[in-house]
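Here the structure is laid out as structure tokens; the discussion comes afterwards.
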Amino acid sequence: MSFSQLGLCDPLLKSIKEKGYSSPSPIQQEAIPAILTGRDVLAAAQTGTGKTAGFALPVLQRLAAGPKTKANHVRALILTPTRELAAQVETNIREYKTHLRLKSAVVFGGVGINPQMKILRSGVDVLVATPGRLLDLYQQNAVKFDQLEILVLDEADRMLDMGFIHDIKRILRLLPAQRQSLLFSATFADNVMSLAESITRNPIKLAVTPANTTVEKIEQQLVAVDKSKKIPALTSLIKQQKWQQVLVFSRTKHGANRIATKLASAGLPSAAIHGNKSQGARTAALKAFKDGSIKVLVATDIAARGIDISELPVVINLDLPNTAADYVHRIGRTGRAGAAGQAWSLVSADEIDQLQDIERLIQLLIPRESLAGFEPNQPLPETKLLPPKKIKKPKKAKSTSSEAAGKPQRNGKSPQRNNSSSQRTDKKPQQNGNDPQRSGKAADSNSQSRPPRRRRVNPQAKRKAVEA
Ligand code: AMP
């Protein structure tokens with residue numbers, strides 16, 4: 001399928017070509033025509049699937065046909081959970097709208113409000129915003145919604161996780177009832193479904209399958225190490241493997257700072273990025289990481305959300321995240337848009353429960369490596385592959401049409417461009433781990449519960465060929 005078959009106009013097709021996209025991703029194939037109809041859409045799509053273009057392109061096309069935006073008004077509002085994601089979404093929009101006469105802007109907290117008020121004065125067609133700053137701007141009469149035609153909630157699950165529900169409800173009360181609403185979320189837990197019900201009307205529901213392609217495309221390793229030795233082990237691993245660009249995850253902000261400082265003093269230029277850093281510091285760190293002046297970026301889960309660096313080669317979990325879903329989010333930073341990637345986890349004995357949960361979710365026993373000089377005094381117990389957890393079916397959203405009768409799948413988590421297809425969810429959903437389309441690798445490990453083999457880290461080892 002080509003982009004021109006999706007009903008997009010020539011100026012957008014031109015920008016898509018300039019971006020170098022040759023064919024639409026599965027979520028784009030479904031979302032673009034659905035949004036162009038003007039209907040509400042509920043889409044299960046994680047970052048990395050091409051979801052941004054999936055909503056941005058049709059939104060721009062619909063706006064291109066409409067009236068001029070009045071002073072301080074906006075015609076499409078895109079809400080995102082983090083500043084980084086907001087900035088990234090708006091950058092994409094700016095690129096896609098190059099050949100259209102539309103204006104876009106981004107507003108988020110942590111930076112001065114006055115320049116944002118100035119930009120809004122002449123009206124913007126597409127406003128990308130984080131909820132808190134948008135409300136501040138509204139209170140100052142800097143933004144008006146009478147002309148609003150389209151609302152997009154991006155990463156709705158994350159917004160709820162981050163406690164934005166009250167802000168979102170406040171914003172919804174300010175918007176015209178007559179509008180098109182689009183909700184994108186990686187998962188459809190009960191809280192996301194009830195939000196979706198209050199926002200959308202008779203939505204078309206979309207999801208991408210299979211669920212865990214991201215995980216399968218990424219070469220994952222685990223190194224058992226004592227908790228107290230993690231930072232020296234990390235330093236040794238990065239040096240030994242001669243990695244030039246590594247994203248390291250830390251569960252805490254304090255931990256992120258400490259790791260970055262220690263790595264820097266061991267001769268590895270590093271920076272930390274988390275919620276306590278100013279926007280300027282975050283942007284500078286990201287820029288330095290992208291241009292190679294720092295090798296290691298240490299991030300917390302929330303700060304890392306929305307970092308889009310194409311072909312990020314390595315992600316390291318210095319500690320395991322609190323939830324197994326976050327592990328998938330974390331390692332999804334590598335191997336994006338079809339590129340291969342590696343994910344390493346340094347795991348201490350006290351993290352055995354988190355490890356079990358992760359392996360259960362991804363239906364894979366993560367291969368173990370030993371790192372010379374860092375063999376743990378407290379051994380990491382072997383794990384067994386448990387059967388996948390039953391996924392609770394989401395509540396049905398209000399609907400009358402046959403399209404809306406389907407249920408969105410949970411965990412639509414992956415760059416699906418290569419070997420998967422998207423589907424309307426009125427087809428039978430498949431659960432993680434039971435998906436017959438999953439790769440042989442995962443299916444094998446699903447059928448046997450023996451412990452993974454151990455290897456020694458060999459920097460010269462050829463990287464596993466990853467299926468395209
Ligand atoms: P997203 O899921 O929107 O965060 O997009 C992930 C990455 O995929 C971004 O770097 C996009 O520029 C890229 N991308 C989006 N659509 C396509 C496409 N059709 N072909 C290739 N890359 C794409």
Side-chain angles (χ1 to χ4, degrees), residues 1-8 12-33 35 41 43-61 78-98 104 106 126 128 152-158 182-187 206-208 211 213-214 217-218 245 247 286 289-290 304-313 315 328-341 411-422 468:
M1 173 168 298
S2 68
F3 276 104
S4 55
Q5 288 170 282
L6 298 177
L8 291 172
L12 288 172
L13 292 175
K14 200 168 166 196
S15 316
I16 291 167
K17 204 167 164 201
E18 287 161 1
K19 277 290 279 176
Y21 302 166
S22 52
S23 58
S25 69
I27 192 68
Q28 292 164 359
Q29 290 176 24
E30 294 290 338
I32 292 171
I35 296 170
V41 169
Q46 209 208 13
T47 180
T49 56
K51 68 177 169 64
T52 313
F55 62 73
L57 293 166
V59 163
L60 290 169
Q61 176 146 331
I78 300 171
L79 291 176
T80 72
T82 64
R83 304 160 188 181
E84 283 79 11
L85 184 62
Q88 197 177 293
V89 168
E90 203 260 339
T91 303
N92 285 349
I93 286 177
R94 229 179 305 138
E95 290 166 348
Y96 301 144
K97 72 168 185 63
T98 313
S104 68
V106 60
V126 189
V128 187
V152 183
L153 237 66
D154 192 13
E155 304 203 352
D157 53 337
R158 254 315 129 142
L182 315 173
L183 188 142
F184 282 70
S185 184
T187 61
L206 310 173
V208 189
T213 310
T214 303
K217 278 162 46 64
I218 295 165
Q245 199 185 36
L247 178 62
L286 205 54
F289 187 55
K290 282 187 180 182
R305 182 91 184 167
I307 293 178
D308 177 23
I309 299 163
S310 54
E311 301 181 20
L312 186 63
V315 162
V328 179
H329 282 304
R330 283 181 175 190
I331 71 166
R333 308 293 89 204
T334 182
R336 310 197 70 198
N411 297 330
K413 291 179 189 312
S414 56
Q416 306 285 340
R417 230 149 270 137
N418 299 318
N419 58 356
S420 62
S421 63
S422 69

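In each ligand, atom 1 is the first atom listed, and ligand 1 is the first ligand listed. Residues: numbered from 1 along the sequence shown.
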Which distance, rounded to the nearest 0.5 Å, do you find between the NZ of K19 and the OG1 of T98?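 Reported value, rounded in 0.5 Å steps: 9.5 Å.
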Working to the nearest 0.5 Å, report the span between CG of L6 and CD1 of I32.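 Between atom CG of L6 and atom CD1 of I32 there are 5.0 Å.
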Looking at ligand 1, is there an atom of it that comes within less than 4.0 Å of some heavy atom belonging to G20?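 Checking ligand 1 against G20, which is what was asked, there is no heavy-atom contact under 4.0 Å.
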Test your reading of the structure: does [X] have an N or O sitting under 3.5 Å from an N or O of ligand 1?
X   : value
Y96 : no
S22 : no
T52 : yes
A53 : no

For the residue pair L247 and F289, what are the closest heavy atoms and their distance?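 So the minimum-distance heavy-atom pair works out to N-CZ, 4.1 Å.
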Between S185 (side chain only) and D157 (backbone N and O only), is there a donor and an acceptor less than 3.5 Å apart?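 Side chain of S185 to backbone of D157: a pair is present.
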Quick check: are there more than 12 heavy atoms from other residues, nucleotides or ligands sitting under 6.0 Å from NZ of K14?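 It does not: K14 NZ has 12 such atoms or fewer within range.
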Interfacing atoms of ligand 1 (cut-off 4.0 Å, heavy-atom, S23):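 Taking each heavy atom of S23 in turn, ligand 1 has 18 (C), 19 (N), 20 (N) under 4.0 Å.
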Going by the order shown, which atoms of ligand 1 are within less than 4.0 Å of some heavy atom of F3?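 In order of number, 19 (N).
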Please evaluate residues S15 and E18 with respect to the criterion side chain to side chain donor-acceptor pair (under 3.5 Å), reporting the C-alpha separation (whole Å), side-chain torsions for both, the decisive distance (0.1 Å), and the verdict. CA-CA 5 Å; S15 316; E18 287 161 1; 4.7 Å; no
